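The block underneath contains the structure these notes are about, expressed in structure tokens.
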Amino acid sequence: MDVISHKQIVIQALELSNQSRSDETQIPLLDTTILFGQNGYLDSMALVALLMDIEDAFQEQSIDISLSDEKAMSLSRSPFKDIPSITQYVHDVVAVQT
Amino acid sequence: MQARNIMITGASQGIGKVLAEHFLAMGDTVIGVSRSESGIVSDNYHHHLADVTEEADAKRVFASVKKQLGALDVLINNAGIARMNAFALTPISNVQKIMNTNFLGTFIFCQKAINLLRKSPHARIINLSTVAVPLNLAGEAAYAASKAAVETLTRIMAKEIGSFGITCNAIGPSPIATQLISGVGEDKINKLIQQQAIKKMAKVEDVTNIVDFYLQPNSHMVTGQILYLGGIS
């Protein structure tokens with residue numbers, strides 16, 4: 001799977017998140033949207049839910065990955081900031097863990 | 001009531017086995033987890049041999065549940081061990097075993113269960129504690145401390161996973177005649193019971209009653225609570 005496929009999985013997981021959010025708090029699915037961190041749309045538990053949805057999507061393709069890594073949570077440049085950074089992080093994790 | 005998928009650790013004996021049989025009789029599906037084989041025979045019973053202290057075992061169990069059943073509504077962390085000993089004489093290896101099984105095992109199973117539980121409309125986690133915590137029972141330092149950790153975990157998890165619609169509560173049984181206390185002297189049990197408001201041994205059914213209460217859909221506002229039997233507070 002390439003980066004584009006991984007981005008599609010991230011976006012589908014965000015679409016799932018949007019299903020349980022009110023109209024006022026919908027997450028714009030844009031590369032520039034700040035997802036996590038200062039002024040981000042996701043609090044820590046919403047981020048956990050997003051990561052679990054992404055892991056589920058991979059598991060459905062028999063790819064077992066774990067995204068909630070302590071190192072990732074403490075990196076000074078958060079990999080969860082926006083769609084491009086999460087996509088890159090997922091891509092890197094898939095490359096290492098599979 | 002719609003049939004539920006209920007996971008019980010330590011399901012092969014004692015309270016865990018009685019709970020498993022109780023839910024099977026109610027038409028639920030039970031996923032039992034223990035280190036030993038189970039004697040329970042039912043089409044709605046799925047047994048997994050696993051060590052609750054091993055993360056890899058927990059991952060395997062939950063992956064199997066997801067594949068087999070697709071959903072989980074309830075996790076009951078019942079697996080536990082107890083060793084009575086004076087604090088000064090307690091072997092450190094015993095402390096590690098008690099903390100691993102009672103606290104770490106509960107922590108691991110709660111963490112791995114969240115992903116399946118969050119999809120349930122009435123998701124519940126129930127942890128087993130003990131009256132040894134509020135009574136600060138002499139001779140049970142390691143056991144009571146491990147269960148105090150479980151209680152704190154229960155309260156904090158309730159806050160953190162409340163947004164997923166999962167309630168998290170605990171039960172602190174007073175003495176019940178199970179294998180867990182079979183090595184404790186009658187005198188000691190009697191002294192303990194005298195400290196209770198209701199001065200008699202509890203039955204496993206008293207635990208079942210509280211579990212049923214926590215599982216009711218109407219109990220959706222009850223979370224982060226520790227309920228002790230026998231009038232201990």
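Predicted, not measured: the structure shown is a model, and the values here were computed from it. Here is the naming used below: chain letters follow the sequence lines, and residue numbers restart at 1 for every chain.
Residue A/Asp43: no heavy atom, backbone or side chain, is found under 4.5 Å from chain B. Both the backbone and the side chain of A/Asp53 come within less than 4.5 Å of a heavy atom of chain B. With a 4.5 angstrom heavy-atom cutoff, B/Lys67 does not touch chain A via any of its atoms. Contact annotation for A/Gln59: only side-chain heavy atoms (C-beta onward) come within less than 4.5 Å of a heavy atom of chain B.
Side-chain contact, B/Ser120 with B/Asp73: a donor N or O sits under 3.5 Å from an acceptor N or O. For the residue pair B/Asn44 / B/Ser42, no side-chain donor-acceptor distance below 3.5 Å is found, with atom types taken as modelled. B/His122 and B/Ser219 share no donor-acceptor pair across their side chains, judged by distance under 3.5 Å alone. With 3.5 Å as the limit, one finds a donor-acceptor pair spanning the side chains of B/Asn127 and B/Thr154.
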